[in-house]
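Below: the structure, in structure tokens.
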Amino acid sequence: MTLPVVTRFAPSPTGFLHIGGARTALFNWLYAKKRGGKMLLRIEDTDRERSTQAAIDAILDGLKWLELGWDGDVVYQYANAARHREVVDEMLAAGTAYRCYASAEELAQMRETAKAEGRTRFYNGLWRDRDPSDAPAGVKPTVRLKAPLTGETVIEDQVQGRVVWQNDNLDDLVLLRGDGSPTYMLAVVVDDHDMGVTHVIRGDDHLINAARQKQIYDALGWELPSMSHIPLIHGPDGSKLSKRHGALGVDAYRAMGYLPAALRNYLVRLGWGHGDQEIFSTEEMIEAFDLPAIGRSAARFDFAKLENLNGHYIRHADDQSLVTMLEDVLRYIPHGADVAAKINDTTRAQLLQAMPGLKERAKTLLELIDSAGFILADRPLPIEPKAQAVLTADTRKLIAQLRAALETVTSWSAATTEAAMRAFAEQHGLKLGAVAQPLRVALTGRTTSPGIFDVLAVLGRQECLSRLADQASE
RNA sequence: GCUCCCUUCGUCUAGCGGUUAGGACGUCGCCCUCUCACGGCGAAAACAGGAGUUCGAUUCUCCUAGGGAGCGCCA
């Protein structure tokens, strides 16, 4: 209520923006919006080996697609390396950190010993209180935090509650590597502090890091931001999310035809609930969202529910924006260019006209494109196998009769063609379905489509008569 | 192995000592109907197990089991 809220999303650019990262970004964004604050974006690129520009581009692209905008310029952590070293110098001077000259072999030995003795802390304090004059020549030291040996470190987490660690389980972590570059643990603390971050919201794989970082904050005399560690997302089978189990980049969801609004709605309900409400507009989400209401257990990713929500958002989207979204997604899907080549002013207008019937039946933009195929197809129409089965000799004759009846319709519309067909059915003692299905097959090449009279209207008199002629016989 | 976290229908969740344990997705049935959808109605479906605390535990405590995260000069 008092201080301005500043959250941050801090991905490391070693891969795409995966679904878990997207949710973390969403939660940070929602909380910042709710509190009238800011969400900052920081790229954690201190690992020069693994960070790539392609990953940075993918992350920014993913956030933009999800419409999760950040405030201010993107902060690149590596650019702050000098500042990180400066802080360590202060700690060295204050005696809250020290240089460690232990060799890789010595450290490996310590790790082994600790494991054998069932201890979590492995570093044995070798250089903690040692005289620097003992330093071996030619060894580049690391700098370690002089962490408290006894007592406990406590985090009051907004999601997890009070979490306590005995300090004898926590190590003297490395602040500065042998080459003088800062470690993640140090860089996060310094950057969060310098950027004025008030609320840290991240995956609960960082929960233990909160304790380590708390010790650094304490050593520096800085105040720890509010902490919220949100549970991870698991694959559909409960396993850790892997590339095989839905750990796709958000670009993959775009290519599967999901809408950003649907993905946001799905993600916000994963690990968080607000009574019985399932559908949240962006405004409602911001209004209702709160940190303590986030659940503590991991959630499984369920494509069926995402798809259901996506269908809801498609049905409620306006027709024009669906046409736009449909055209946009073509850039990201296989054979999208082929479909795009079929779209011109005429077919675009037909898509718009057909959209009310189309969107009622589509769960993704891909399904929308597929079911709009009858508008984009060239004659003679490809006929699906199931539709082919409908085209018996009898139905081909019927189609010829239907065509003749339709040819008399002058003022062509869904209403007039329907009236003509109902009259025909009545005269011949047929159910409407008996004439509708042959029409559908001849006009769309399929056994399912939007209402057949809407199809008639969208296609227009001439095209309909031609398509019917293609399938008719005497 | 050690440290920490988690455990309500198949899945996402509501519940915050007393409820016929609610909703949604999915599944199944019925209705609507020119197909498929949409929509409507209905059904099956859960408190991991065991001890406590309490007049009373899904709810509080502990233990067990199961799951997860971490244990780097990665982030």
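Note on naming: letters A, B, ... go to the chains in the order of the sequence lines (proteins, then strands), and numbering restarts at 1 for each one.
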Can we say A:Glu86 and A:Arg83 salt-bridge, meaning some charged N sits less than 4.0 Å from an Asp/Glu carboxylate O?
yes
If you look at every strand shown and take non-hydrogen atoms under 4.0 Å, does A:Phe122 touch a base, only sugar-phosphate, or nothing?
sugar-phosphate
When you compare B:rG23 with B:rA14, how far apart are their P atoms, in angstrom units rounded to a whole number?
15 Å
Dump the intermediate steps for salt bridge (Lys or Arg N to Asp or Glu O under 4.0 Å) on A:Arg144 and A:Asp171, then the final yes or no.
CA-CA 9 Å; A:Arg144 285 180 184 273; A:Asp171 253 307; 5.5 Å; no
Salt bridge present between A:Arg446 and A:Asp370 (N-O < 4.0 angstrom)
yes
Report the distance from atom CD of A:Gln213 to atom C1' of B:rG70, rounded to the nearest whole Å.
13 Å
Inter- and intrachain pairs under side-chain hydrogen bond (donor to acceptor under 3.5 Å, both in side chains), touching residues 205-214 of chain A, at least two apart:
A:Tyr184-A:His206, A:Arg202-A:Gln213, A:His206-A:Asn209, A:Asn209-A:Arg212, A:Lys214-A:Asp218
Tell me: CZ of A:Arg212 to P of B:rC4, nearest whole Å?
13 Å
Is it possible for you to check whether A:Arg48 lies under 6.0 Å from the centre of the six-membered ring of A:Tyr78, through NZ or CZ, and within 45° of that ring's axis?
yes
Does any nucleotide pair with B:rA37 by Watson-Crick or G-U wobble geometry, both distances under 3.5 Å, and what is it?
none
Separation between the C1' atoms of B:rC47 and B:rG10, rounded to whole Å:
16 Å
Looking at A:Glu426 and A:Arg422, is any side-chain nitrogen of the basic one under 4.0 Å from a carboxylate oxygen of the acidic one?
no
B:rU3, B:rU7, B:rG72: which one has an atom nearest the side-chain heavy atoms of A:Trp165?
B:rU3
Quick check for you: among B:rG67, B:rC12, B:rA75, whose closest atom lies nearest to any side-chain atom of A:Met185?
B:rA75
For B:rU11, the Watson-Crick or wobble counterpart (both distances under 3.5 Å)
B:rA24
I need the NE2-C1' distance between A:His229 and B:rC6, as an integer number of Å.
15 Å
Would you mind pulling out the nucleotide paired to B:rU3, Watson-Crick or G-U wobble, both distances under 3.5 Å?
B:rA69
Integer angstrom distance from the C1' of B:rA75 to that of B:rA69:
14 Å
Selection from B:rG70, B:rC12, B:rG26 that lies nearest to any side-chain heavy atom of A:Ile208
B:rG70
In whole angstroms, the gap separating P of B:rA24 from CH2 of A:Trp272 amounts to 17 Å
Can you tell me how far P in B:rG66 sits from the matching atom in B:rC73, rounded to whole Å?
31 Å
Between B:rG15 (P) and A:Gln277 (CD): distance, integer Å
14 Å
Between B:rG72 (C1') and A:Lys115 (NZ): distance, integer Å:
13 Å
Roughly, in whole Å, what's the span from CG in A:Asp204 to P in B:rU7?
12 Å
Side-chain H-bond candidate by donor/acceptor type, A:Thr364 with A:Asn310, under 3.5 Å
no
What's the closest nucleotide to the A:Thr120 side chain, out of B:rU3, B:rC12, B:rC6?
B:rU3
Given 3.5 Å as the limit, does a donor-acceptor pair link the side chain of A:Gln158 with the main chain of A:Ser226, or not?
no
Tell me which nucleotide, if any, is Watson-Crick or G-U wobble paired with B:rU19 when both distances must be under 3.5 Å.
none
With heavy atoms under 4.0 Å as the rule, sort A:Asp179 into base, sugar-phosphate or nothing.
nothing
Considering Watson-Crick and G-U wobble pairs with both distances under 3.5 Å, what does B:rA48 pair with?
B:rU64
Among A:Arg121, A:Arg128, A:Arg99, which residue satisfies the salt bridge (charged side-chain N to carboxylate O under 4.0 Å, His left out) criterion with A:Asp172?
A:Arg128
Closest to the A:Glu44 side chain, choosing from B:rC73, B:rC12, B:rA75
B:rA75
Taking the same atom, C1', in B:rA21 and in B:rC62, what whole-Å distance lies between them?
25 Å
Nucleotide by nucleotide, 5' to 3', does protein get under 4.0 Å of the base (B), only the sugar-phosphate (S), or neither (-) in nucleotides 29-45 of chain B, counting heavy atoms?
-----BBBBSS------
For the side chain of A:Asp204 and the backbone of A:Leu207, is there at least one donor-acceptor N/O pair under 3.5 Å apart?
no
Separation of atom CD in A:Gln160 from atom C1' in B:rU3, rounded to whole Å:
15 Å
ring centroid sep under 5.5 Å plus plane angle under 30, A:His206 with B:rA75
yes
Of all of residues 135-156 of chain A, which get a heavy atom below 4.0 angstrom from RNA chain B, listed by number?
A:Thr142, A:Arg144
Distance between C1' atoms of B:rA45 and B:rG26 (Å, rounded):
11 Å
